[in-house]
Amino acid sequence: MDRLFWKIFLSFWLSLLLGSAVVAAGVYLYNQSRADEQREQQGRVMLRGEFSLRMYALLAEQGGVAALRQAEAGRKDWELPAPMVVDAQGRELLGRELPAGLVERIRSDHADLPFPARSVKDPQGQELLMFVPPLESPRVRRTPRNPYVPYLPWFQFAAALAASLIVSALLARHLSRPIEHLRDAFDTVAQGGLGARVGASMGRRRDELAQLGRDFDHMAGQLQKLVGSQERLLHDVSHELRSPLARMQVAVGLARQQPDKLDTALSRIEREADRLNELVGEVLTLSRLESTAQGGALAERQDFVDIAELAATVVEDARFEGADTQREIRFDDGNIGELVMPARGELLHRALDNVVRNALQHTPERSVVEVVLRQDRSGGRVLIDVSDQGPGVGESELEQIFEPFVRGHGEGKGYGLGLAIARRAIEAHGGTIVARNRRDGGLRVSIALPVPAAEVPPT
């Protein structure tokens, strides 16, 4: 992770330095352009001032102050700067306001002045000082500098360098820190700690890294749930296997102690072996459905199934089984006709058969089990309701009866895997299955399967 930190840090730092260099170069070139423009403008002003000064000097030499005043009256038409004319007593002869101290500065050393100036004599021999005043005062007032802040180029460079280092380090740490938490969480999960979460370490972040952390937490939660489910399944299977194995051991011991009852012992061993075979088959089916993802391995072996025909087949088999106990099964196909959908036919048959058999098992003798098939065209679903007239289950157990090895009120035959297998099979096809108690007694199991709007089986 240190490599990532330094990569991000150096990338940000070099980007800041490069950006600063580009901005500095742009500012320098702009200032140079402005300076060149100002020099050019100053040169033009100097040329116009020099031309105006020569004209006024020529007038002063030939006509004196009177000629200058007469020329001043028509100067507006010339569009030239107006020179100032100062006599030996320091008076401005053309009525203009004279900046304080400017004459003394010109007379002290006018060779290095940034504006044109010269001395002339009028026809009476009076010496006149003529100059074109500057556009701004030669003494520029500067803002006093803070004595505690060094005014050195290297200091500004060092300050910018330090600021870029700090900003780059903070940004690099801001980006690499959540990745470090993710790495640690992955290491924890790899070592078996499925309770590792990174959501709290992300703080108030709302960026893609925070979303990645939430996705990791969801993945870890699903993995923890799956492993926990497998552990519970293994525990329940172990518990269920003990009873038939124990009875088989008792039968073997009885056969050894009482050889005359060998046939009875062998019959018991055969029945327990059949139960074990049935239990193993149920567990394998449930395990296969637990590991089957929707649209994954299930979709690879799909065929086209007529739901109405499948339901009718299941009902017919259940009628034959319930005839001995005088349990009647009423089937309402809703007149939906042929309804074909892509599915695993044997899984759907197993799911519906388990639900119907469960209802047939818990409904009293001489009672009715109702199977209703209807189509929800607005929702694009087919609905199957299986209702019995049994005792129902507690409200707190309505969800638990779909878990492996759970039996309602602990009654009934079997291992409590039928509804669990039905739920996994229905969910593997993108459907839902729920149980509700009926108002007039009994339990109703509702199955909803999505049906494409127009699905045609291949010919």
Side-chain angles (χ1 to χ4, degrees), residues 285-286 288-290 292-299 301-315 317-318 329-360 362-363 368-390 392-393 395 397-404 406 408 417-440 442-457:
T285 301
L286 180 63
R288 185 172 65 251
L289 289 174
E290 288 278 5
T292 299
Q294 294 185 10
L298 181 65
R301 299 177 57 187
Q302 285 184 350
D303 49 19
F304 288 86
V305 177
D306 186 349
I307 299 298
E309 181 181 352
L310 184 145
T313 302
V314 171
V315 169
D317 294 340
I329 298 182
R330 297 175 183 173
F331 179 49
D332 181 6
D333 61 3
N335 295 322
I336 63 175
E338 187 180 63
L339 185 60
V340 178
M341 63 174 289
R344 287 279 298 276
E346 71 277 9
L347 287 183
L348 283 184
H349 185 279
R350 182 74 172 274
L352 185 57
D353 184 67
N354 286 348
V355 174
V356 174
R357 286 177 180 270
N358 181 77
L360 194 65
H362 289 88
T363 197
V368 177
V369 173
E370 297 180 353
V371 180
V372 179
L373 179 66
R374 52 197 172 90
Q375 186 175 7
D376 179 13
R377 298 185 181 275
S378 61
R381 302 179 303 169
V382 59
L383 307 177
I384 307 174
D385 292 333
V386 180
S387 305
D388 61 48
Q389 297 178 355
V393 298
E395 293 295 328
E397 300 176 357
L398 288 176
E399 182 66 20
Q400 296 177 3
I401 61 175
F402 294 103
E403 296 298 325
V406 174
L417 293 175
L419 292 182
I421 292 175
R423 181 176 190 176
R424 271 58 171 189
I426 295 299
E427 290 179 348
H429 287 83
T432 59
I433 179 171
V434 295
R436 300 182 182 90
N437 286 314
R438 301 172 63 189
R439 292 183 179 180
D440 52 352
L443 186 70
R444 172 176 293 146
V445 178
S446 300
I447 299 173
L449 289 170
V451 178
E455 192 72 49
V456 180

Which is it for H362 and L443 under the side chain to side chain contact (heavy atoms under 4.5 Å, CB included) test, yes or no, and what are the steps along the way?
CA-CA 9 Å; H362 289 88; L443 186 70; over 6 Å; no
Would you say D332 and E370 make side-chain contact, with heavy atoms under 4.5 Å?
no
Closest heavy-atom pair, L339 versus Q375, reported as atoms and distance to 0.1 Å, is CD1-NE2, 3.7 Å
For L360 and D388, run side chain to side chain contact (heavy atoms under 4.5 Å, CB included): C-alpha distance rounded to whole Å, both residues' side-chain angles, the deciding distance at 0.1 Å, then the answer.
CA-CA 7 Å; L360 194 65; D388 61 48; over 6 Å; no
Please name all residues satisfying side chain to side chain contact (heavy atoms under 4.5 Å, CB included) with E399, sequence neighbours left out, ordered by chain then number.
R423
Show your reasoning for whether side chain to side chain contact (heavy atoms under 4.5 Å, CB included) applies to H349 and V314.
CA-CA 7 Å; H349 185 279; V314 171; 3.6 Å; yes
Sorted by chain and number, sequence neighbours left out, side-chain hydrogen bond (donor to acceptor under 3.5 Å, both in side chains) with E338 holds for none
Taking all non-hydrogen atoms of both residues, which atom of A425 and which atom of A351 are closest, and how far apart?
CB-CB, 3.9 Å
For the residue pair T432 and I426, establish whether any side-chain heavy-atom pair is separated by less than 4.5 Å.
no
What are the two closest non-hydrogen atoms of A359 and V386, and how far apart are they?
CB-CG1, 3.8 Å
Starting at CE of M341, measure out to CG of L310 and round the result to the nearest 0.5 Å.
10.0 Å
Considering non-hydrogen atoms only, spot the tightest contact between A343 and V305 and give its length.
O-CG2, 4.0 Å
Separation between CG of D353 and CD of E346, rounded to the nearest 0.5 Å
13.0 Å
For R444, enumerate each residue passing the side chain to side chain contact (heavy atoms under 4.5 Å, CB included) test, keeping only those at least two apart in sequence or located in another chain.
D385, S387, R438, S446
In chain order, what residues pass the salt bridge (charged side-chain N to carboxylate O under 4.0 Å, His left out) check against D333, with sequence neighbours excluded?
none
Residue set satisfying side chain to side chain contact (heavy atoms under 4.5 Å, CB included) with D376, at least two apart, ordered chain then number -> S378, R381, L383
Using a 3.5 Å distance criterion without hydrogens, assess whether the side chain of T313 forms a donor-acceptor pair with backbone atoms of E309.
yes
Going through the distances and angles, do L348 and I307 end up as a side chain to side chain contact (heavy atoms under 4.5 Å, CB included)?
CA-CA 9 Å; L348 283 184; I307 299 298; 4.0 Å; yes
Between F331 and L373, the two heavy atoms sitting closest are CE1-CB, 4.3 Å
Between T363 (side chain only) and Q389 (backbone N and O only), is there a donor and an acceptor less than 3.5 Å apart?
yes
Sequence neighbours left out, what passes side chain to side chain contact (heavy atoms under 4.5 Å, CB included) with R350? Give chain and number order.
E282, T285, N354, I421
Testing the basics here: between A311 and L352, what is the closest heavy-atom pair and its distance to 0.1 Å?
CA-CD2, 3.6 Å
